[in-house]
Protein chains: 2
Amino acid sequence: MKPPNHRTPDTPPGFGSATLAYPVTLKNVADRAGVSVSTASRALNGQARKYRISPATEKAVRKVAADLGFQASQVARSLRLKRSGLIGVIVPDISNPFFASIAREVSLGVEAFGFSVLLGDSREETEIEQRLVEQLRAKQVEALLVCPVGVDPDHLVKLDRSGLPVVVADRVFDGIELPSVTSDNRTAARAVAEVLIEQGHRKIGVLSGVRDSLPAKTRLQGLTDAAQHAGFHLDPSYLAGNAFTEQSGYDATLTLLDRHPEMTAIFAMCTPAAIGAMRALAERGMAIPSDMSIVAFDDHPFAELMKTPLTVSVQDIPRLGRLATAVLLKRLNVNPSTDSSTESSRQTLPPLSTPAEIEIQSSTSLWKVPTTLLRRSSVAVPRQ
Amino acid sequence: MKPPNHRTPDTPPGFGSATLAYPVTLKNVADRAGVSVSTASRALNGQARKYRISPATEKAVRKVAADLGFQASQVARSLRLKRSGLIGVIVPDISNPFFASIAREVSLGVEAFGFSVLLGDSREETEIEQRLVEQLRAKQVEALLVCPVGVDPDHLVKLDRSGLPVVVADRVFDGIELPSVTSDNRTAARAVAEVLIEQGHRKIGVLSGVRDSLPAKTRLQGLTDAAQHAGFHLDPSYLAGNAFTEQSGYDATLTLLDRHPEMTAIFAMCTPAAIGAMRALAERGMAIPSDMSIVAFDDHPFAELMKTPLTVSVQDIPRLGRLATAVLLKRLNVNPSTDSSTESSRQTLPPLSTPAEIEIQSSTSLWKVPTTLLRRSSVAVPRQ
DNA sequence: CCCGCTTGCACAATCGTTTGTGCTCTGTGC
DNA sequence: GCACAGAGCACAAACGATTGTGCAAGCGGG
């Protein structure tokens, strides 16, 4: 890269100096070591024994390589090996800590195997998501982890069928055809809903995320379960909103407040929506939890310090990320549990961490990680 | 990639079917169109005019390519062109929204030019940062945006000297040798400090980030400026902490509380530290702002809803990210301001956004973006 | 002394692009 | 009728790695 303004170190004048000039190729190493390119390659790749390179030669080559700061071009290697060492990660919004954490776990988990993460941010738009997929496909990623915007999974399924392994996280789909990992949203939703119901709430407004997404459907299901168990029925008119955003939560809250003044509690399907709801309530001069109780999903460092700490169901995001990573790695046929001192990563540095203690049980294609309930002060007995 | 279990479409039997088999090469397209590989390449790359490919041929090739779903292998192209189309982004913690936002802006800003972002998370450790740099170098990234852990910039400087453009953001260094972009921390710090001083605070504890980092030094400088202007002197013993983390803020607060019971205000150099401080104060049973005033940096959606919304100086993070991206692109000799309908990105999709309205003024290598002050309720007149 | 086996390495093909150069036509002007 | 220009395309050499195969020594046994 950047051909101009470097001296290429073909036959450097002062033997032994060899300050790093950027593109040091295998040929440079070979020449300097007085061997052929193939020998140099084998010496560096631990193939010495197999191809009977003498220990002396191997050592010499290694030394020259080190002196020259040789780094094998992954591009060339990729071409020859038909393996890019790249994994694409596409999320709706990387500045959302939830997705950032997932990206982080993937990045941390795969680098031990010499993979790097190509990041894509779809900005919650399906069209951009598709463009990103194409772009990453052209970059020859070996697998894709997608947290989809939430609609139209078809292009992902097609992609997977065409031979590019795709794993879906969080925003999984119904009638699933792709390996997916998500939280146990139904149980989680039921748990938070029951906090409300125990206190006597029956008129519960729901701030929904993308309606077609499985998380939204499943959380609604959990709420319905709880209602049913308590012997009442949830009117669909108490449902509003159609996105996992603050704006959606704000708008939906106002809508519900107008539509159902008798409402005593809010069930927010995500943190941004809860924030939006709190803004809306503040504008209407309503206090939490005295005028309105509220429950939500996911926690945050700030949460504890809030005026009214939210009662939430918290997902184990890192675990979700690690599970997704494990599934990804499994589909790539690299063994997450193998001791990583093997030559799998060749010249790349030794593993930074043991990738995942996750057991991929069974052959299901939908994995769920458990959640925990955090009861805090945002729920009270309904006023009247 | 993934050679097995696809039919290669060399000469597909049913003409016209051509469902996507994964590796469709240029040769396949050429064969099917009845031309040579070189002609196919030129037809697809808009070189038709220059190399006198007949419009008919060009059209035919394009059609075949479309039918086959041809995507040029970026790996092969990279090898030939000596351009990977990859940009490395290394941050200390991608799950921190601050860095996530920066990564996001870079990703958004460069994709219009056909670049993709390779993400690295250094986990606030210099050693890992260095490993990531090596890994990304091997992947042939064309440039690197680093938010360093904060110490030992030497390897970055060396890298840049060796021909790989490096841009530093946020955690810039003193005696700078690399293009850097950061906020105007001195002014920002002075502004928040003055909020404290105006109310009469003089015994101000400082929760510092990494001492050697320029942000920490500069923010301290801003505080010192304000103190000096108000005619008093800040005792170094009021300084504690040495990291941009919650833990550091917590520990430092306890330390200062013990060391200086007369302290009436806290100047936290980052949000995590402020959170740590609030935890510590809560444990000691101290209320904000009645028992202790506090100011900090950076805002957050949650901030408004906190028990005591913090008075903070907020950085324009997206702008910072965009500026960094612009500097990056400039160093890569792609023109951020050019209308992007040029053939710069070839077969890659049309630009998703106008990359940056940023004016890169002058040839300075340190750029600063302005900040704004948010006065909220975390500051009061000192008790006694 | 010669044959054959082992050792240690070099040759060359290959991955899928891009691009400089050269070949073959067709048509035109004289 | 012929040379020549230019249009339209094919050939082949890179890019930097990996890897199957072939070739030359060295050695021992007969």
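Heavy-atom basis, side chains included; hydrogens, waters and symmetry copies ignored. Computed from a predicted model, the values in this text were never measured in an experiment. Naming: A, B, ... by sequence-line order, numbering from 1 per chain.
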> So, the side chain of B:N45 versus the backbone of B:Q47: is there a donor-acceptor pair under 3.5 Å, distance only?
Replying inline: no
> A:I53 has an atom CD1; how far is it from atom P of C:dC9, in whole Å?
Replying inline: 6 Å
> Should A:T39 be listed as having a side-chain N or O under 4.0 Å from OP1 or OP2 of C:dC9?
Replying inline: no
> So, the side chain of A:T325 versus the backbone of A:G321: is there a donor-acceptor pair under 3.5 Å, distance only?
Replying inline: yes
> Would a 4.5 Å heavy-atom cut-off, applied to side chains only, mark A:V168 and A:L145 as touching?
Replying inline: no
>> As a test of reading the structure: which of C:dA10, C:dG8, D:dA10 is closest to the side chain of A:R42, going by heavy atoms?
In response: C:dA10
>> Does any part of the side chain of B:Y51, heavy atoms only, come nearer than 4.5 Å to the side chain of B:T39, both counted from C-beta?
In response: no
Dump every N/O contact between nucleotides 12-16 of chain D and the protein below 3.5 Å, one line per pair.
from   : atom 1 : to    : atom 2 : distance (Å)
D:dA14 : N3     : B:R80 : NH1    : 3.1
D:dC15 : O3'    : B:K82 : NZ     : 3.3
D:dC15 : O2     : B:R80 : N      : 3.3
D:dG16 : OP1    : B:K82 : NZ     : 2.6
D:dG16 : N2     : A:A76 : O      : 3.3

>> I'd like to know if the side chain of A:D121 reaches the main chain of B:R104, judged simply by a donor and an acceptor atom lying under 3.5 Å from each other, with no hydrogens or angles considered.
In response: no
> What is the distance, rounded to the nearest whole Å, between atom CD of A:E58 and atom P of C:dC9?
Replying inline: 11 Å
> Separation of A:K139 atom NZ from C:dG16 atom C1', in whole Å?
Replying inline: 16 Å
> Salt-bridged, A:R131 to A:E134, with N to O below 4.0 Å?
Replying inline: no
> Counting just side-chain N and O atoms, does A:Y51 come under 4.0 Å of either OP1 or OP2 of D:dT18?
Replying inline: no
> Once you round it to whole Å, what is the distance between P of D:dA7 and NZ of B:K50?
Replying inline: 16 Å
> Counting just side-chain N and O atoms, does B:Q47 come under 4.0 Å of either OP1 or OP2 of C:dT18?
Replying inline: no
>> Rounding to 10°, can you tell me the angle the first-five-pair axis of the helix from C:dC1-D:dG30 to C:dC30-D:dG1 makes with its last-five-pair axis?
In response: 80°
>> Main chain of A:Q74, side chain of A:S78: is a donor-acceptor contact present, judged purely on distance under 3.5 Å?
In response: yes
> Are A:R123 and B:E111 within salt-bridge range, i.e. N to O under 4.0 Å?
Replying inline: yes
> Are the side chains of A:V166 and A:V157 in touch, meaning some heavy atoms are under 4.5 Å apart?
Replying inline: no
>> Output the rounded distance in Å from CD (A:Q74) to C1' (C:dC15).
In response: 15 Å
